[in-house]
Amino acid sequence: VVEYNVMVKAYGKAKLYDKALGLFESMRASGTWPDECTYNSLIQMLCAADLPDRAWELLRRMKEARLRPRCETFSAIISSYAQNSSADKAVEIYREMKLSGVEPNEVVYGSIIDGFAESARIEEALKYLRKMEASGLTANQIVLTSLIKAYSKASCWKEAQEVYTKIKKMDGGPDTIASNCMINLYANLGMVNEAKSIFDDLRGNGQVDGVSYATMMYLYKNMGLLDEATAIGQEAQASGLLTD
RNA sequence: GGUAAAGUCUCG
């Protein structure tokens with residue numbers, strides 16, 4: 001089994017999916033029982049290949065073999081569905097996970113919340129944020145940033161500001177990604193002053209990055225503020241944070 | 001034996 005597992009994992013990492021799956025079949029044919037590690041490797045491989053349906057099928061077979069999937073196994077399938085615009089299926093796996101007695105961790109909640117955020121399904125994103133907190137986990141910067149994205153997609157800038165205020169109160173304050181997400185929201189709404197205010201904060205404390213610059217340039221260009229766009233572009237070049 | 005996974009721009 002161990003030798004097979006090493007090879008299955010190697011094929012999976014090399015993205016040789018058919019080889020890995022073929023090895024899995026020959027294991028069963030030769031009477032070698034795939035273990036939890038075998039299934040884990042294959043499921044994670046299929047999820048990375050954006051084939052969550054096939055991963056789910058393997059999960060079923062794993063359970064039939066009376067093996068107990070662990071958090072990372074469920075987590076891989078959930079994040080694959082969430083990134084697939086299939087948040088509902090992600091939730092199905094989440095339920096299956098809980099029924100199996102495995103407690104979802106903050107990454108699982110992060111995946112689900114972001115899946116809903118991506119589709120601007122605010123109420124459902126909030127629902128899972130509440131479930132996360134009810135389970136004893138703390139809303140972290142990542143899920144709150146996803147929430148800002150959800151509001152951003154719905155153009156609810158006031159609600160997004162409230163979330164951002166909450167992040168500001170966290171220790172260490174907003175990270176670059178959270179701030180960039182707010183800049184992006186303002187950029188999409190043409191709120192130049194608000195965007196610039198956050199951008200200036202980032203510049204002031206050295207947290208600015210290439211995405212910050214790119215987003216500000218996008219905003220200025222869309223607003224027809226070509227001088228400002230050019231100035232930011234030159235500053236970005238000089239900072240070495242942009243490649244083009 | 002393995003020891004992962006969730007959030008921001010543009011283009012794909």
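What you are looking at is a predicted structure, and each value in this text was computed from that prediction instead of being measured. Below, chain A is the first sequence line, B the second, and so on; all start at residue 1.
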Just how far, in rounded Å, is [atom2] of [N] from [atom1] of [X]?
X      : N     : atom1 : atom2 : answer
A/I167 : B/rG7 : CD1   : P     : 15 Å
A/K9   : B/rA4 : NZ    : C1'   : 7 Å
A/I148 : B/rG7 : CD1   : P     : 15 Å
A/R70  : B/rA5 : CZ    : P     : 14 Å
A/L144 : B/rA6 : CG    : P     : 18 Å

Just to be sure I understand the rule, does [X] reach a base, reach only the sugar-phosphate, or reach nothing, if contact means heavy atoms closer than 4.0 Å?
X      : value
A/Q141 : base
A/V6   : sugar-phosphate
A/S146 : sugar-phosphate
A/Q44  : sugar-phosphate

Using distance alone, with no hydrogens and no angle criterion, decide if A/Q207 and A/D175 have a side-chain donor and acceptor under 3.5 Å apart.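 Note: A/Q207 and A/D175 side chains miss the donor-acceptor criterion.
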- Query: Are A/T38 and A/N5 linked by a side-chain donor-acceptor pair shorter than 3.5 Å?
  - Reply: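 A/T38 vs A/N5: donor-acceptor pair found between side chains.
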Can you confirm if the NZ or CZ of A/K196 lies within 45° of the ring axis of A/F199 and under 6.0 Å from the centre of its six-membered ring?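 So A/K196 doesn't make the cation-pi contact.
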Item checked: Pair A/Y11 and A/Y17, ring centroids less than 6.0 Å apart ->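 Between A/Y11 and A/Y17, the centre distance exceeds or equals 6.0 Å.
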Identify each atom pair where a protein N or O and an N or O of nucleotides 9-12 of chain B are less than 3.5 Å apart, giving names and distance.
unit_1: B/rC9; atom_1: O4'; unit_2: A/T215; atom_2: OG1; d: 3.3

Got a sec: does the CE of A/M170 have more than 12 other heavy atoms crowding it under 6.0 Å?
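Buried by this count: over 12 neighbours within 6.0 Å.
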Within a 6.0 Å radius of atom NZ on A/K166, are there more than 12 heavy atoms belonging to other residues, nucleotides or ligands?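 Incorrect, the count does not exceed 12.
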- Message: Can you tell me how far apart CE (A/M7) and NZ (A/K19) are? Round to the nearest 0.5 Å.
- Response: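 Here the interatomic distance stands at 9.0 Å.
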**Asked** So, for A/A195 and A/I183, which heavy atoms are closest and what is the spacing to 0.1 Å?
**Response**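 Between these two residues, the closest heavy atoms are O-CG1, 4.0 Å.
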Could you list by number each residue of residues 108-115 of chain A showing a heavy-atom separation from RNA chain B of less than 4.0 Å, or answer none if no residue does?
->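 Only A/G110, A/S111, A/D114 qualify.
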Review point. Residues from residues 117-139 of chain A sitting under 4.0 Å of RNA chain B, heavy atoms only?
Key: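 RNA chain B contact set from residues 117-139 of chain A: none.
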Do A/N105 and B/rA5 have a side chain to base donor-acceptor pair shorter than 3.5 Å?
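Answer yes: a donor N or O sits under 3.5 Å from an acceptor.
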*hbond_proxy A/N140 side chain to B/rA6 base (donor-acceptor, 3.5 Å cutoff)*: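 Between B/rA6 and A/N140, which were checked side chain against base, a qualifying N/O pair under 3.5 Å is present.
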